[in-house]
Amino acid sequence: MIVILKQNSQKKDVDAFLKQLEEMGFEHHFSKGKSSTIIGIIGDTSSLDADDLRTNDIVADVKRVSEPFKLANRKFHPLDSMFNIAGKMIGEGHFNVFAGPCSVETVPQMVETAEAVKSSGASFLRGGAFKPRTSPYSFQGLHDEGLKILLEAKKITGLPIVTEIMNQAHIDLFEDVDIIQVGARNMQNFELLKELGKCNKPILLKRGLSSTIEEWVMSAEYIMAGGNEQVIFCERGIRTYETFTRNTLDLSAIPALKAISHLPVIVDPSHATGLPWMVEPLTKAAIAAGADGVMIEVHNNPKKALCDGAQSLTPQQFDDVMSKIKKYTEFEGKVLEK
Ligand code: PEP
Ligand code: MN
């Protein structure tokens, strides 16, 4: 349920109203926008009478929210969420490029790739230390050692880092990581999501391989319900009957999410297609569709990569993509974060 407050409401009356809600056992979410102030009431509100609430002098209107997600819902938070992560702005008016290899392999591999993507204009460095692989015989990542290498690359280049977590038991290892990624395969690992809800770190939530948009938003809701409101969606392609591309990039997810949620949305054209030459056209398409950023796999030597080399761009190819997308972000009125 959402309560829209009258513009001229006095703070003491608002506080009294919030206290009354608390005494009735309801949690609330307060959102002050430019033109309206909204109180989102969380929990089972079936016992609340909208007409009773309307009798309060500070209440302009009361609406029931039919969607099962509340905190991630744009109705609870009409303005786009904006996050300042390690000095980079993510959200409305800004465009961030997350780049780096699929997996962390060695110090020279990470540092060389990080320096290259930084000089081309990436704002975040990616790299997996814990890798969710289809085969147990494939390279599983360097784990703690990989995180150390990633932090070394962060120290040398100054680029903030994003890396995937697969198990809540590892949360303490991610202390110096700037954004924790939840991969497609863990989008509905609810125990993991609940633990991430308790930590004070931005979460990049990738879409599950066969998840609907509503299921995806419900996963964001799990994180937010724990108190962590910094969630960024990442569309990375879904399973369809098409086999030409590794997955099918669902560009419609961008405007869909923007309509129903206030959280930022980025796109991963590398995992969506598995084809390095599709990264450029789909990055342009993502910008045009309203994305707040892209995540691109780049490796200093893709042929030697231990994971996803075939879809990774060389630093030169990445530089080329970056120089071509500038005018698209400008056209959309977005600042390319550096
Ligand atoms: C990744 O980003 O390295 C990754 C494994 O992606 P996804 O979870 O989207 O498959
Ligand atoms: Mn990968």
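Read the numbers this way: they start at 1 and go in the same order the structure lists the ligands and their atoms. Computed from a prediction, not measured in an experiment: that's the story for all the values here.
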Salt bridge flag under 4.0 Å for residues Lys19 and Glu22:
no

Would you call Lys201 and Glu175 a salt bridge, taking side-chain N to carboxylate O under 4.0 Å as the test?
no

Please report the shortest heavy-atom distance between Arg126 and Lys131, naming the atom on each side.
NH2-NZ, 3.9 Å

Which residue and heavy atom of the protein sit nearest atom 4 (C) of ligand 1, plus the separation
His271 NE2, 3.6 Å

With the threshold set at 4.0 Å, does a side-chain nitrogen-carboxylate oxygen contact exist between Asp49 and Arg54?
no

In terms of side-chain geometry, is the basic nitrogen of Lys284 or Glu280 positioned less than 4.0 Å from the acidic oxygen of its partner?
yes

May I have the step-by-step check of side chain to side chain donor-acceptor pair (under 3.5 Å) for Ser81 and His262, ending in yes or no?
CA-CA 5 Å; Ser81 272; His262 51 89; 2.8 Å; yes

Looking at atom 8 (O) of ligand 1, what's its closest protein heavy atom, distance included?
Ala184 N, 2.8 Å

Any nitrogen or oxygen of Arg126, main chain or side chain, under 3.5 Å from a nitrogen or oxygen of ligand 1?
yes

Have a look at Met295, Arg236, Glu297 and point out the one with the heavy atom closest to atom 10 (O) of ligand 1.
Arg236

Is it the case that the side chains of His271 and Glu297 hold a donor-acceptor pair, with the cut-off being a distance below 3.5 Å and no angle test?
yes

Does ligand 1 come near enough to Glu164 that some N or O of the ligand is less than 3.5 Å from an N or O of the residue?
no

Atom 6 (O) of ligand 1: closest protein heavy atom, distance to 0.1 Å, is Lys206 NZ, 2.9 Å

Using a strict cut-off of less than 4.0 Å between a Lys/Arg side-chain nitrogen and an Asp/Glu carboxylate oxygen, indicate whether Lys194 and Glu191 qualify as a salt bridge.
yes

Do Gln140 and Arg133 have a side chain donor and acceptor closer than 3.5 Å?
no

Protein N/O/S atoms closer than 2.8 Å to the Mn ion (ligand 2) number 4

Return yes if a side-chain donor-acceptor contact under 3.5 Å exists between Thr273 and Thr245, otherwise no.
no

Atoms of ligand 1, numbered as shown, that sit under 4.0 Å from any heavy atom of Gly183
8 (O)

Any N or O on Cys102 sitting closer than 3.5 Å to an N or O of ligand 1?
no

With a 4.0 Å cut-off on heavy atoms, is Arg207 in contact with ligand 1?
no

